[in-house]
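This report refers to the structure that appears directly beneath it.
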Amino acid sequence: MNEVFKALADPSRRRILQLLSRGEMTAGELATHFDVSKPSMSHHFAVLKGADLVTTRRDGQQIFYALNTTVVQDAMARIWDLFGGVVDE
């Protein structure tokens with residue numbers, strides 16, 4: 001779960017996940033939303049993939065990214081438990 005929190009700590013990676021919440025996108029489509037270098041985008045994709053927050057599939061030269069909703073839901077549940085859960089008195 002530490003990898004997930006590390007991935008979510010960066011605003012660019014959170015924006016990528018937000019974009020993917022609309023549906024699958026190619027690396028190129030995602031990159032158009034950012035003013036960063038290709039190596040920087042690749043790093044963000046690698047961190048998200050390493051945290052299992054995104055899945056990938058290749059179609060010829062294109063790499064398509066999709067939100068891994070199972071892991072995102074688990075992360076949100078843990079965050080809720082940490083910050084939003086009921087506190088026993």
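All residue numbers refer to positions in the sequence shown, counting from 1. What's counted below: heavy atoms across the whole structure, side chains too, no hydrogens, waters or symmetry copies.
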Heavy-atom pair of closest approach, residues [X] and [Y]:
X: Ala27; Y: Tyr65; result: CB-CE1, 3.7 Å
X: Leu20; Y: Ala66; result: CD1-C, 4.2 Å
X: Ala7; Y: Leu48; result: CB-CD2, 4.1 Å
X: Arg58; Y: Gln61; result: NH1-O, 3.9 Å

Going through the distances and angles, do Lys6 and Glu3 end up as a side-chain contact (heavy atoms from CB on, under 4.5 Å)?
-> CA-CA 5 Å; Lys6 176 185 171 187; Glu3 295 88 10; 5.5 Å; no
Please round to the nearest 0.5 Å and tell me the distance separating atom [atom1] of [X] and atom [atom2] of [Y].
X: Met41; Y: His33; atom1: CE; atom2: NE2; result: 9.0 Å
X: Ser12; Y: Leu17; atom1: OG; atom2: CG; result: 11.0 Å
X: Met25; Y: Phe64; atom1: CE; atom2: CZ; result: 11.0 Å

In the single-linkage hydrophobic clustering (I, L, V, M, F, W, Y; side-chain heavy atoms under 4.5 Å), do Ile63 and Leu30 co-cluster?
->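 Yes; Leu30 is reachable from Ile63 via cluster members.
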Is there a donor-acceptor pair under 3.5 Å between the side chain of Asn68 and the backbone N or O of Thr55?
->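 Side chain of Asn68 to backbone of Thr55, a donor-acceptor pair under 3.5 Å: no, none is there.
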Identified side-chain contact (heavy atoms from CB on, under 4.5 Å) counterpart of Leu53 within the set Thr69, Ile16, Leu8 =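 So, applying the side-chain contact (heavy atoms from CB on, under 4.5 Å) to Leu53 and each of Thr69, Ile16, Leu8, only Leu8 qualifies.
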Below 4.5 Å, heavy atoms only, C-beta onward: do Leu19 and Arg22 meet side chain to side chain?
->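 With C-beta onward as the side chain, the pair touches.
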